[in-house]
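Below: the structure, in structure tokens.
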Number of protein chains: 2
Amino acid sequence: MNIETAAAQLEALGNPTRLTIYRTLVRAGDNGLPVGKLQLKLDIPSSTLSHHLKKLIEVNLVSQERQATTLICRANYTSMNGLIGYLADECCADANGCAASSEESTEAA
Amino acid sequence: MNIETAAAQLEALGNPTRLTIYRTLVRAGDNGLPVGKLQLKLDIPSSTLSHHLKKLIEVNLVSQERQATTLICRANYTSMNGLIGYLADECCADANGCAASSEESTEAA
DNA sequence: AAGCTATTTCTACGATCGTCGAATAAGGTC
DNA sequence: GACCTTATTCGACGATCGTAGAAATAGCTT
């Protein structure tokens with residue numbers, strides 16, 4: 001996980017509509033959710049939904065699988081794990097012991 | 001933590017420059033880092049830095065403390081924890097691929 | 001092939017972003 | 001008060017975003 005990837009994924013999630021989409025997908029579990037169902041659930045125009053979905057897919061946070069005319073969308077848990085891991089590791093999650101994590105620490109000079 | 005807040009924080013982090021700023025601040029630890037030092041370290045114009053810093057501050061990911069003419073910036077670990085918690089909790093409902101339980105699993109790949 | 005359904009792509013447009021130099025504040029020192 | 005240092009705000013700019021209706025495509029079914 002590099003900083004560019006992380007930023008791209010964070011940016012993708014950093015929009016209320018997309019975060020809602022992603023969250024809905026997560027809640028749908030392993031079965032995923034067809035685009036149509038998602039659209040009904042969220043009540044947004046399909047073109048808008050498709051647009052956001054595309055972004056989420058681009059950064060690997062969501063995957064799609066075709067089932068006949070229907071496209072099943074699924075949250076990519078592995079990617080989310082990677083992102084959370086990056087955040088916790090590189091950007092710290094703990095007040096004590098975070099700065100002295102890994103890498104050289106402080107004191108530029 | 002509501003979805004709007006989470007999205008705002010994610011958006012704030014979802015920019016390479018800002019993510020770098022935040023990460024640098026995290027690495028600086030509890031001592032924090034003056035804006036000027038940050039600027040030297042990252043080599044970006046101060047107006048740009050200030051602009052990004054403002055965003056980070058707005059969403060509570062960074063705090064500032066005045067020390068004479070210098071403004072010390074610090075990463076707000078509590079906020080980051082909240083965000084990671086939200087991500088793990090709300091956006092990672094699946095049990096077998098999720099960092100919901102703080103412990104690191106995986107290894108597979 | 002015609003027709004249908006599900007979904008994407010096209011196109012457009014206002015809104016916001018990211019960048020940075022110049023001007024302005026905030027705080028301190030002499 | 002004059003003056004320096006540190007950092008923010010202002011103003012401008014092209015670039016990208018978010019939205020959504022209309023048109024196009026992918027894949028059935030008959």
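Every value quoted in this text rests on a predicted model; they were computed, and no experiment measured them. The sequence lines fix the lettering, A, B, ..., with proteins before strands; numbering per chain opens at 1.
Using a 4.0 Å heavy-atom distance criterion, A:S46 is classed as a base contact. In this structure, B:H51 reaches the bases: a heavy-atom distance under 4.0 Å links it to at least one base atom across the strands shown. Using a 4.0 Å heavy-atom distance criterion, B:Q64 is classed as a sugar-phosphate-only contact.
Of the candidates A:N60, A:L61, A:L25, A:N76 forms a side-chain contact (heavy atoms from CB on, under 4.5 Å) with just one, namely A:N60.
The phosphate of C:dA6 (OP1 or OP2) has no side-chain N or O of A:K37 nearer than 4.0 angstrom. Note on B:R18: a side-chain N or O is less than 4.0 Å away from OP1 or OP2 of C:dG18. Remark: B:R66 is not in phosphate contact with C:dA26, judged by side-chain N or O atoms under 4.0 Å from OP1 or OP2. Regarding contacts with the backbone of D:dC17, every side-chain N or O of A:N15 stays at 4.0 angstrom or more from both OP1 and OP2. In this structure, B:H52 reaches the C:dT19 phosphate: one of its side-chain N or O atoms is under 4.0 Å from OP1 or OP2. Residue A:S50 has a polar side-chain atom (N or O) positioned under 4.0 Å from OP1 or OP2 of C:dT8. The shortest distance between the side-chain N/O atoms of A:T69 and the OP1/OP2 oxygens of C:dC4 is not below 4.0 Å. Put simply, B:T48 has a side-chain N or O that comes within less than 4.0 Å of OP1 or OP2 on C:dC20.
If you measure from atom CD1 of A:I44 to atom C1' of D:dA20, you get 11 Å, rounded to the nearest angstrom. Protein atom CG of B:L53 is 6 Å distant from nucleotide atom P of D:dT8, rounded to whole Å. In this structure, B:L71 atom CG and C:dA25 atom P are separated by 17 Å, rounded to whole Å. One interatomic measurement links the two molecules: CD of A:Q39 to P of D:dG21, which rounds to 11 Å at whole-angstrom precision. Atom-to-atom, CD of A:E65 to P of C:dA6 comes out at 17 Å; the value is rounded to the nearest Å. Going from atom NZ of A:K55 over to atom P of C:dT8 covers 16 Å, rounded to whole Å. The CG atom of A:L56 sits 16 Å away from the C1' atom of C:dT8 (whole-angstrom rounding). Regarding B:L49, its CG atom lies at a distance of 7 Å from the P atom of D:dT8, rounded to whole Å.
Interatomic distance, B:I44 CD1 to B:I21 CD1, rounded to the nearest 0.5 Å: 4.5 Å. Note that CG of B:L53 and CZ of B:R18 are 10.5 Å apart. Values are rounded to the nearest 0.5 Å. Separation of atoms CZ (A:R23) and CG (B:L87) is listed at 11.5 Å; rounding is to 0.5 Å.
For B:P45, taking side-chain heavy atoms from C-beta onward, the closest of the listed nucleotides D:dC17, C:dG21, D:dT6 is C:dG21. Nearest to the side chain of A:K54, among C:dG21, C:dT9, C:dG28, sits C:dT9. If you check C:dG28, D:dT8, C:dC17 against the side chain of B:E11, the one that comes closest is C:dC17.
Taking 3.5 Å as the limit, the base of D:dA20 and the side chain of A:S47 contain a donor-acceptor pair of atoms between them.
The shortest non-hydrogen separation linking A:I3 to B:T20 is CD1-OG1, 3.3 Å.
Hydrophobic cluster membership is shared by B:I57 and B:V59, with clusters built from Ile, Leu, Val, Met, Phe, Trp and Tyr side chains linked at under 4.5 angstrom.
Closest-nucleotide positions on DNA chain D for B:I57 and A:Q67 were compared, and the one nearer the 5' end corresponds to B:I57.
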